[in-house]
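Here is the naming used below: chain letters follow the sequence lines, and residue numbers restart at 1 for every chain.
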Amino acid sequence: MKMEVLDEIFRRVLSSKIFTNRSSLRPDYVPDELPHRENQIKMLGSILAQALRGSRPSNVFIYGLTGTGKTAVTKYVLKRIEEKSLGFKTNFTYAYINCRQSDTPYRVLADLNESIGVRVPFTGLSRAEVYRRFLRNLDARKCVMIIVLDEIDFLVKRHGDDILYKLSRVNEDLLYSQASLIGITNDLKLTETLDPRIKSSLGEEELVFPPYNAVQLEDILRRRAKRAFRRGVLEPGVIPLCAALAAKEHGDARRALDLLRVAGEIAEREGAENVTEEHVKKARAEIERDRVVEVLRTMPLHAKLVLLSMVYLDNKGKTRTTTGELYASYVHICRELGVESLTQRRISDLVNELDMLGLLAARLVSRGRYGRTKIIELSVSKKTILEVLGKDERFSGVANL
DNA sequence: CGTCCACAGGAATGACGGGCGG
DNA sequence: CCGCCCGTCATTCCTGTGGACG
């Protein structure tokens with residue numbers, strides 16, 4: 001019986017009425033064309049091509065908001081150079097490190113080791129030791145290495161710029177190998193917080209990725225959709241809607257592609273013949289829910305209580321609130337649940353984290369005589385939060401306040 | 001033009017669990 | 001096994017500050 005059920009699912013997936021190649025909509029897919037990014041490709045390519053001659057390319061700093069193609073362009077260019085380098089005598093290698101996933105100096109160093117095939121324990125060694133191992137092994141390989149640090153702001157904000165400094169000096173400790181850095185960030189103000197020496201070293205070359213506009217997003221979606229979907233399954237309004245929604249979110253192509261893919265998946269699950277605008281709207285809600293689930297999975301209990309407090313205030317008609325107010329109702333909820341409350345200092349950090357993760361929107365305001373505080377708003381719907389948190393029995397009884 | 005609110009957010013510290021090398 | 005070093009969560013204490021009010 002179970003087998004039949006599965007067979008049915010397999011059959012449906014394998015003979016999709018909607019998709020022909022779903023993977024080309026996935027966020028980690030590197031397409032073989034990157035429309036509207038020709039300039040950036042050319043510039044990055046001409047900088048990094050130095051590696052093919054065996055000399056060290058300049059360090060590059062790449063700015064641009066999320067979903068503007070920074071990662072895709074970088075990976076694309078590196079891939080091409082790697083392919084090309086096979087025909088040359090020079091040894092070329094690169095490491096791609098996402099600092100959101102590897103957000104401590106230790107993990108970055110550990111990843112660097114991994115990328116040149118050196119296994120290191122994921123904790124336990126001193127940083128200095130891991131760094132030393134990396135140097136030794138990199139030098140032994142006698143190569144030109146490009147180190148990509150994506151979403152570098154996560155690393156810097158939490159742990160300062162020490163490793164950046166170290167890495168930007170790495171060539172001084174290398175005899176036979178050379179390394180250059182590519183730093184990618186979506187925080188345009190990041191350089192202000194960096195040590196000027198790092199700033200000048202990392203910013204030997206700078207590349208800016210402007211956001212896509214709705215027209216460009218539509219073009220990108222159409223090209224990918226041609227590959228991903230069966231002919232004619234997309235209703236005419238679907239792509240423009242995805243593009244418009246994403247354009248509102250500062251031209252985020254990843255969001256646009258996610259919307260389109262998830263809309264397709266929903267249509268498929270429903271057994272529909274076509275993907276409709278309705279599916280796109282459902283997709284938007286589903287993506288939001290997944291994001292909340294994902295964030296809350298990794299956040300401590302009290303982050304959830306902070307969100308709950310926001311919902312609580314919202315229910316009382318306060319869509320936007322201040323730090324003090326939020327803290328008061330957080331303490332109230334903690335008492336209600338018999339949980340010990342944390343200090344305001346800690347809550348302030350949690351609010352900042354939730355802000356960075358996009359569940360809250362917090363902005364600093366000065367109200368003169370009436371002090372300086374943060375105006376905090378939910379940036380996901382109450383419904384979603386309660387849906388996600390409602391599953392946790394610890395919160396039962398509070399959720400309906 | 002100075003004051004002073006209501007916090008922001010940095011620094012130092014500690015408890016804790018995990019994992020290393022020896 | 002120990003001594004050491006991590007990263008994470010949290011506290012305590014602290015200095016800094018934009019701008020409306022007086």
Original post:
To the nearest Å, how far apart are L350(A) CG and dA10(C) P?
Top reply: 7 Å
**OP:** Report the distance from atom CD of Q344(A) to atom C1' of dC14(C), rounded to the nearest whole Å.
**Re:** 15 Å
Original post:
Between atom CZ in R345(A) and atom C1' in dT11(C), what is the gap in whole Å?
Top reply: 10 Å
Original post:
For E288(A), what residues pass the salt bridge (Lys or Arg N to Asp or Glu O under 4.0 Å) criterion, not counting sequence neighbours?
Top reply: none
**OP:** Compare the minimum distances between each of dA10(C), dG9(B), dG7(C) and the side chain of Y106(A), then state the nucleotide with the smallest one.
**Re:** dG7(C)
**OP:** Using a 4.5 Å cut-off on heavy atoms from C-beta on, say whether the side chain of I376(A) contacts that of D355(A).
**Re:** no
Subject >> Residues that D290(A) engages under salt bridge (Lys or Arg N to Asp or Glu O under 4.0 Å), provided they are two or more places apart >> reply: none
**OP:** Using the side chain to side chain donor-acceptor pair (under 3.5 Å) rule, collect all pairs that involve residues 248-260 of chain A, keeping only residues at least two apart or in two chains.
**Re:** T66(A)-H250(A), E249(A)-R255(A), D258(A)-R261(A)
Original post:
Residues two or more places apart in sequence or in another chain: which of them pass ring-ring contact (aromatic ring centres under 6.0 Å, His included) with Y212(A)?
Top reply: none
Subject >> Length of the CZ-C1' vector between R346(A) and dA15(B), whole Å >> reply: 14 Å
Kindly give the atom pairs (protein nitrogen or oxygen, nucleotide nitrogen or oxygen) under 3.5 Å for nucleotides 18-22 of chain C.
| unit_1 | atom_1 | unit_2 | atom_2 | d |
| --- | --- | --- | --- | --- |
| dG18(C) | O4' | S366(A) | OG | 2.9 |
| dG18(C) | N2 | G368(A) | O | 3.1 |
| dG18(C) | N3 | S366(A) | OG | 3.0 |
| dG19(C) | N2 | G368(A) | O | 3.3 |
| dA20(C) | O4' | R369(A) | N | 3.3 |

Original post:
Is there a side-chain polar atom (N or O) of R133(A) under 4.0 Å from OP1 or OP2 of dC20(B)?
Top reply: no
**OP:** Return the set of residues passing salt bridge (Lys or Arg N to Asp or Glu O under 4.0 Å) with E387(A) (not counting sequence neighbours), or none when no residue passes.
**Re:** R289(A)
Subject >> Integer-rounded Å distance: dT8(C) P and M299(A) CE >> reply: 13 Å
Original post:
Could you give the CD-to-C1' distance, from E353(A) to dG9(B), as a whole number of Å?
Top reply: 14 Å
**OP:** Remember a base hit wins even if backbone is also touched, and classify D349(A) as base, sugar-phosphate or nothing at under 4.0 Å, heavy atoms.
**Re:** nothing
**OP:** Answer yes or no: does a side-chain N or O of K374(A) lie under 4.0 Å from OP1 or OP2 of dG9(B)?
**Re:** yes
Original post:
Closest to the P300(A) side chain: dC9(C), dT12(C), dG7(C)?
Top reply: dC9(C)
Subject >> Ring centroid separation F134(A) to Y131(A) under 6.0 Å >> reply: no
Original post:
Which listed nucleotide (dC7(B), dT11(C), dT8(C)) is nearest to the side chain of T323(A)?
Top reply: dC7(B)
Original post:
Starting at CG of L109(A) and ending at C1' of dC5(C), how long is that distance when rounded to a whole Å?
Top reply: 14 Å
Original post:
Which whole-number value in Å describes the distance from I347(A) CD1 to dA8(B) P?
Top reply: 11 Å
